[in-house]
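One structure is given below, encoded as structure tokens.
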Amino acid sequence: MPRNAEYKPLLFTTTVRNPQRLKALLWVLKKFDGQILSDDLATKIVGEIIRYGLYRPMKMTATIKDKWASSSQGEFADYILTDKEVQYILKHNPQNHKEAGFAKGFPSRFATFYDFPKELGFVYYAPNESISFSELGTRFASIFSVEITGDSIVAEEKHPEYEQQVFLQAMCKYQRNNPFVRVLNDNVPLILLLQTIQKLNADPEYNGAGISRRELPLLIFWKDNDAESLYQRIKSLRAEYSYTPSDEVVIDICTKEIMGGEFKKFKPKSIMNEYPDEFIRKMRLTGLISLRGAGRFIDINHMEDEKIEYVLSHYATYSKYETERKYFDYMATIDSNLFDIHTAEITPNQSEELLKNWLNFYNWDSIKHELNNLAERKTSKDEVLKFLPNPVRLEFLMALAVKSKLPEVRVIPNYSCDDTGLPTSTAGGNKGDIECIEPPNTILLEVTMAEGRTQTMMEVWPIDRHLEEFKGKYEADDSQCVFVAPSIFTDTHKQIRWVKAEEHLTIRPYKITEFVNYLESSLVLYQ
């Protein structure tokens, strides 16, 4: 029997916490579009997720461990597994897991991977029915271009801009009490967030920085779509405790006042940290919000004011759907107007000024520490940087590093960013990462988290093209490229030497740690 609906705090998914993983999982599933879903096919699909290193159970052979050593959990591995290796993983890692409609084990594991994309309108499936991708899901799955060369996986994000487009389409419609989850809370979280922020920012008592991170749990627990009442409750909270209420105060408001004492106990860490972190990650993917005050406030990204007004005018009121299929069809519908509204542009001078502002929050020691974390593939605990995927974080930190140690160098990053200068995605494939001007010369700074063969196949030829275009952009005596990665593969060195000999282009390769040391000891960027 279906469980009775109840009020719950907002937690989009407990399985795929990092939304960056969804696009890779959907790329795998897209290969099975149109096939009839059975338990055997579900197991086969999980096997493909394992084959590409996107899911890595604990028990593995030494050979599999080596293939996965140069990449992180949740990313495409550098090397693909054989059929025999996939079967070894499936056999030696039985899943004690059961989802309704699926057999216990890997078929149920399939459902946990893909239930959230289904809820967002990306792909519809049901036992003994065809797997059916929506146009929205197809766009999301096509972010990646993946090629297999020998046993090497070369995965490149050809269309990183699709991610923000797709999540905006999904989140402006996503309803708390949709038929897939059947909770009693009745709101569209993104709409409630934007409306509440607008009300707080319009209040002359405040500084227009948005909603405090410590106030977010109230929104996450909120029962309805009444932004005015939520704004008034936050206003009352600020009147009593300013912006620093204790954990206990916030938790009591959420569990006793909002929920009326009918909510089961949760760990304080979940309410104050885990739920807000997950919420911020999803909302940032829409491109509509910014982080202010070193991550203490969540605000509207004013680069997207036109888009925000459109979303609020078209999605603040919404219809209810009784069946999963009808709700899915609503979520899967593309609003082409959202694609047509362009983000306000930032000039190179504005980009550099925003970058300098971040140096007020990150001194050289903190930049160096975070770069070392990336070099060792460690997670960040910083309240802002932890929301940036590793490739985006590396571009941001490298731009900060050069500006911090060589302030006279003009540093113009090409990544997309919000109105604070915090990047929302990488620079993309049609231009270089970071342009540095050090008269009379110019230096193109190219960075990547890719290692091994993937680095050689994906990075050096685009750098060759970017550097040629870069040389023609500025009237400089000479141009060269600085290439930075966690490690530099042997074949990458060979390829760079070939480019130097045949194309007469200078590419200087550095490990992240080597480039950090270079900046600490050098007075110039050009060499």
Side-chain angles (χ1 to χ4, degrees), residues 12 19-20 22-27 29-30 33 116-124 132-145 156-175 178 188-195 197-198 281-290 299-319 321 326-347 351 389 391-392 414-419 422-431:
F12 287 104
Q20 305 295 325
L22 291 177
K23 56 196 174 192
L25 291 173
L26 284 171
W27 179 87
L29 186 60
K30 189 66 173 68
D33 191 14
F116 189 49
K118 182 180 179 182
E119 194 180 343
L120 295 182
F122 298 158
V123 58
Y124 191 85
S132 177
F133 268 72
S134 68
E135 186 180 347
L136 200 61
T138 297
R139 179 178 287 249
F140 198 29
S142 63
I143 288 174
F144 277 108
S145 170
E156 182 179 4
E157 289 195 28
K158 289 285 190 179
H159 297 285
E161 71 278 8
Y162 285 177
E163 184 167 40
Q164 184 170 304
Q165 293 174 2
V166 165
F167 265 91
L168 175 56
Q169 294 270 347
M171 287 300 162
C172 70
K173 293 179 284 190
Y174 180 86
Q175 299 173 13
N178 70 73
V188 174
L190 176 61
I191 301 298
L192 182 62
L193 174 67
L194 294 174
Q195 289 179 330
I197 289 174
Q198 283 189 338
R281 283 192 176 91
K282 299 297 190 300
M283 295 301 108
R284 277 203 85 243
L285 280 174
T286 68
L288 301 189
I289 71 163
S290 295
D299 195 11
I300 283 170
N301 173 16
H302 293 294
M303 303 295 294
E304 302 286 11
D305 279 342
E306 185 179 354
K307 207 171 287 181
I308 288 167
E309 289 308 312
Y310 177 86
V311 166
L312 289 177
S313 65
H314 286 77
Y315 294 100
T317 58
Y318 50 92
S319 300
Y321 299 89
K326 287 182 178 179
Y327 179 74
F328 175 86
D329 290 341
Y330 165 68
M331 290 295 293
T333 303
I334 285 183
D335 183 345
S336 59
N337 291 320
L338 282 174
F339 294 148
D340 295 336
I341 302 172
H342 295 292
T343 302
E345 293 186 4
I346 292 180
T347 66
S351 177
V392 178
N414 282 323
Y415 47 66
S416 300
C417 65
D418 62 21
D419 60 1
L422 191 69
T424 56
S425 69
T426 57
N430 61 347
K431 52 189 173 183

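Keep in mind that the numbers below use all heavy atoms, side chains included, and drop hydrogens, waters and symmetry copies.
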Compare every heavy atom of Leu22 with every heavy atom of Pro117, then report the nearest pair and how far apart it is. CG-CD2, 3.8 Å
Report yes if some heavy atom in the side chain of Leu338 is under 4.5 Å from a heavy atom in the side chain of Val311; otherwise report no. yes
d(Thr343 OG1, Met303 CE) to nearest 0.5 Å is 7.0 Å
Verify, without hydrogens or angle tests, whether Gln175 (side chain) and Ser319 (backbone) share a donor-acceptor contact under 3.5 angstrom. yes
Rounded at 0.5 Å granularity, tell me how far CG in Leu422 sits from OG in Ser416. 12.0 Å
Non-hydrogen side-chain atoms of Met171 and Leu120 separated by less than 4.5 Å: yes
Drop me the distance from Gln164's CD to Ser425's OG, to the nearest 0.5 angstrom. 7.0 Å
Hey, what's the ring geometry for Phe12 with Phe116, parallel, tilted or perpendicular (30° and 60° as the breaks)? tilted
Candidate pair Phe140 and Phe167, rule ring pair (Phe, Tyr, Trp, His ring centres under 6.0 Å), full reasoning: CA-CA 9 Å; Phe140 198 29; Phe167 265 91; 5.6 Å; yes
Side-chain touch Leu288/Met283, heavy atoms, less than 4.5 angstrom: no
Check whether Ser134 reaches the backbone of Val123 with its side chain - one donor and one acceptor, N or O, closer than 3.5 Å. no
Apply side chain to side chain contact (heavy atoms under 4.5 Å, CB included) to Asp335 and Tyr310, showing your working. CA-CA 11 Å; Asp335 183 345; Tyr310 177 86; 2.8 Å; yes
Verdict with supporting geometry, Glu304 and Thr286, side chain to side chain contact (heavy atoms under 4.5 Å, CB included): CA-CA 10 Å; Glu304 302 286 11; Thr286 68; over 6 Å; no
Apply side chain to side chain contact (heavy atoms under 4.5 Å, CB included) to residues Asn301 and Ile289 and explain how you reach the verdict. CA-CA 5 Å; Asn301 173 16; Ile289 71 163; 5.6 Å; no
In sequence, state the C-alpha distance, the side-chain angles, and the governing distance for Asp419 and Ile300, and then conclude on side chain to side chain contact (heavy atoms under 4.5 Å, CB included). CA-CA 9 Å; Asp419 60 1; Ile300 283 170; over 6 Å; no
Can you spot which of Phe122, Tyr124, Phe133 makes a ring pair (Phe, Tyr, Trp, His ring centres under 6.0 Å) with Phe328? Tyr124
Would you check if Leu136 and Met331 make a side-chain contact, meaning some heavy-atom pair closer than 4.5 Å? no
What pair of heavy atoms forms the shortest contact from Ser142 to Tyr162, and how long is it? OG-CE1, 3.6 Å
Does the plane of the ring in Tyr327 sit parallel, tilted or perpendicular to the ring in Tyr330? Use 30° and 60° as the thresholds. tilted
Spacing of CD1 belonging to Ile334 relative to CG belonging to Asn337, to within rounding of 0.5 Å: 12.0 Å
Kindly indicate whether the side chain of Cys417, heavy atoms from C-beta on, has any atom under 4.5 Å from the side chain of Ile346. yes
Can you tell me how far the CD1 atom of Ile341 sits from the CD atom of Glu309, to the nearest 0.5 Å? 10.0 Å
Residue pair Glu119, Tyr174: steps toward the side-chain hydrogen bond (donor to acceptor under 3.5 Å, both in side chains) verdict: CA-CA 8 Å; Glu119 194 180 343; Tyr174 180 86; 2.4 Å; yes
Output yes when a side-chain donor or acceptor of Lys23 lies under 3.5 Å from a complementary backbone atom of Glu157, and no otherwise. no
Within a strict 4.5 Å, meaning less than it, do heavy atoms of the Leu190 and Leu194 side chains meet? yes
CG on Leu312 to CD on Gln198, rounded to 0.5 Å: 5.0 Å
Non-hydrogen atoms of Gln165 and Arg139 that approach each other most closely: OE1-NH1, 2.6 Å
Does the cation-pi check pass for Lys158 over Phe144, that is, NZ or CZ under 6.0 Å from the six-membered ring centre and within 45° of its axis? no
Evaluate the side-chain proximity of Asp329 to Tyr321: yes if any heavy-atom separation is below 4.5 Å, no if none is. no
Test of understanding: with ring-ring contact (aromatic ring centres under 6.0 Å, His included), list the residues that count as partners of His302, not counting sequence neighbours. none
Could I get the full list of ring-ring contact (aromatic ring centres under 6.0 Å, His included) partners for Tyr315, not counting sequence neighbours? none
Listed partners of Asp33 passing salt bridge (Lys or Arg N to Asp or Glu O under 4.0 Å), at least two apart: Lys30
